[in-house]
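Take a look at the structure below.
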Amino acid sequence: MQQARLLHLLAHRLGSDGARAQLIETDISWILLTGDLAYKFKKAIRRDVLDYGSLAARRVACKEELRLNRRLAPELYLGLASVSGSCSRPVIDGPGTVLEVAVRMRRFAQCALWQARLDAGRLGTAEVRGLAMLLADFHAGAPRADRAQPWGSARLVTARTLEDLDGVAALLSGRRQRTLLAEIAGWLREQHRRLARVFARRKAEGRVRECHGDLHCGNILTLDGRVRVFDGIEFNAGLRWIDVAQDLAFIWMDLQCQGQGALAARLLNDYLERSGDYGCLAVLPYYRVQRALVRCKVALLRAVSGKPGRIAALARASRYLAFAHACAAPGAPSLIIAHGLSGSGKSWLCDGLVEPLEAVRLRSDVERKRLHAGAVTAGPTSLPGAGMYDRASNTVTYRQLARFARTGLLAGFPMLVDAAFLERERRQAFRRLAQRCQAAFLLLQVSAPVALLQARLAARAQAGSDPSDADQAVLAYQMKHAGAQGLSADELDEAVAVVNDVEFGGEALAALASRLRERLQRQARALPDGQGTVLLSDRQAPVQ
């Protein structure tokens, strides 16, 4: 191939000049590494989803790659480069006719990639938190799809998934794997019916945006202590103009499939708290299976390409297929509500339970501020029973928490609601919600000595970084009015009491998580046959 000969010759000439050049071939690109730079060339190929056949098309694709990837990794994408000179003596950015074009990038060590960090056991919570913030802010600022565009419609989502199914089916040979795929296909068809109006509603809400499109562990890295995402899809608009939930689902799925359920839960929880898009819980299970099929197909294509690594590629394909099949099975939704006075450490406790329980946390302090953003100011609004803390505002806040919890429960998620829940009727409302959603239910009763409550509130006020406005006056108000609203006998049967004092640390938190899991499992086994995850139907009435 003429392009391949040109690039090999260019690499050889650079290497002879002492630059230690290396040329790497990928499925659709050539990567030329030299010094602290990398040059990414588009292969001169045409496929069903891309066209790099002409030099003009490759130039357009390189410009698009720069535009799109500078959004999430500006330090990596330095500009355009050209190969000129002659076919026998090519040079980079020299005079004469342009023979080839490339994206000039900053070179990075492969150990910075999340896949390498995962394999080495080095990927940590701080990095996942960083990605959650980066991704939520990126999605918030990304252009929205116009209603007239086909992107994100139920019809297009279904068509793309069916294409992925067909692509995997054409590459599978084993009877057992074909059986798994057939069962996955049946589940997806049912989801298409149930979620059609949800897909349409999310597009109408502006959730379909110009995303990354290929957000897996091989395209994320930690560079100079900062999380960066690169190599987004530039060659096909339909693969990046997607629901933000589909973008998120890729890395969420990839972490789970590789045995990192706790990190996946942290990513999801922090993304949702930052974005407020708890409605995406309705479609995430669907997109998780779809994304697993995509990775399965890519691995199978690698296995049949004739290139080295066939056995490893087949193993990856089997893992993603088995994971997709497992995710298509009914789960066991659960609801835990945390109850306690301000300063008892409910938020710290609930945050610590997100990863071991792989739960989604809903935080009343955050959602209250989100609901009232721009409508009220600080100061008097923090007084007990006033402003955004009056009874009407409390009702609106708890109703919002219930809506979000219901969406998660119906999609099969463990939900953890962090709120005071000092009024018995509010606790009972969430208990009834769990019953309607056929979910296990527990009440986490959190307490601490009064002096410690006061000390924590004082420290929180001094730090000024917590979303809660609770102060000493609020605590006094709660203690005065909460006595008559203590747990009833029925509630005590479903309660797990925790004294969150100065001696409660990491070991106690781990023991609590284990205890909660056991209680939830017992409750799930006690549910009547046929109960468990109730798949979301758009026809179901919202929680009031």
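Just the heavy atoms: all of them, side chains too, but no hydrogens, waters or symmetry mates, feed the values below.
- Remark: Asp243 does not engage Arg207 in a salt bridge, criterion side-chain N to carboxylate O under 4.0 Å.
- No side-chain donor-acceptor contact under 3.5 Å links Gln191 and Arg194.
- With a 6.0 Å radius and a threshold of 12 heavy atoms from other residues, nucleotides or ligands, Lys63 has its NZ atom at or below the threshold.
- Salt-bridge annotation for Arg319 and Asp254: absent, with no side-chain N of the basic residue lying under 4.0 Å from a carboxylate O of the acidic one.
- Geometrically, Lys43 engages Trp30 in a cation-pi contact, judged by NZ or CZ lying under 6.0 Å from the ring centre and within 45° of the ring axis.
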Please set out all donor-acceptor pairs under 3.5 angstrom arising from side-chain atoms of residues 293-303, sequence neighbours excluded.
unit_1 : atom_1 : unit_2 : atom_2 : d
Arg295 : NH1    : His216 : NE2    : 3.3
Lys297 : NZ     : Asp164 : OD1    : 2.9
Arg302 : NH2    : Pro308 : O      : 3.3

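- Taking 4.0 Å as the cut-off between side-chain N and carboxylate O, Asp270 and Arg266 count as a salt-bridged pair.
- With respect to Arg370 and Glu367, a salt bridge is recorded, a charged nitrogen being found less than 4.0 Å from a carboxylate O.
- Scored by the ring-ring contact (aromatic ring centres under 6.0 Å, His included) test, Tyr271 finds His139 as partners (sequence neighbours excluded).
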With ring-ring contact (aromatic ring centres under 6.0 Å, His included) as the criterion, how do His212 and Phe138 come out once you've worked through the C-alpha distance, each side chain's angles and the decisive distance to 0.1 Å? CA-CA 9 Å; His212 181 274; Phe138 165 61; 7.7 Å; no
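- Every residue meeting the salt bridge (charged side-chain N to carboxylate O under 4.0 Å, His left out) condition with Arg104, not counting sequence neighbours, appears here in chain and number order: Asp93.
- Salt bridge Glu210/Arg67: present, at least one basic N to carboxylate O contact under 4.0 Å.
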Does the ring-ring contact (aromatic ring centres under 6.0 Å, His included) test come out yes or no for Phe404 and Phe413, once each step is laid out? CA-CA 11 Å; Phe404 291 159; Phe413 286 89; over 10 Å; no
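- Side-chain N or O atoms of Asn69 include one that pairs as donor or acceptor with a backbone N or O of Gly232 at under 3.5 Å.
- A distance of 6.0 Å separates SG in Cys111 from CZ in Arg122, rounded to the nearest 0.5 Å.
- Ion pair Arg47/Asp27 flagged as a salt bridge, since at least one NZ, NE, NH1 or NH2 atom sits closer than 4.0 Å to an Asp/Glu carboxylate oxygen.
- With 3.5 Å as the limit, one finds a donor-acceptor pair spanning the side chains of Arg288 and Gln256.
- With sequence neighbours excluded, the residues forming a side chain to side chain donor-acceptor pair (under 3.5 Å) with Arg361 are Glu273, listed by chain and number.
- Residues forming a side chain to side chain donor-acceptor pair (under 3.5 Å) with Arg460 (at least two apart in sequence, or on another chain): Ser468.
- For Arg228, the side chain to side chain donor-acceptor pair (under 3.5 Å) partners two or more places apart in sequence, or in a different chain, are Glu75.
- To the nearest 0.5 angstrom, Tyr320 atom OH is 5.5 Å from Cys257 atom SG.
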Apply ring-ring contact (aromatic ring centres under 6.0 Å, His included) to Phe421 and Phe430, showing your working. CA-CA 10 Å; Phe421 281 105; Phe430 276 74; 5.0 Å; yes
ring-ring contact (aromatic ring centres under 6.0 Å, His included) for Tyr77 and Phe230? Distances and angles first, verdict last. CA-CA 9 Å; Tyr77 289 81; Phe230 70 105; 7.3 Å; no
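- Salt bridge status for Glu234 with Arg240: absent, with no side-chain N to carboxylate O gap under 4.0 Å.
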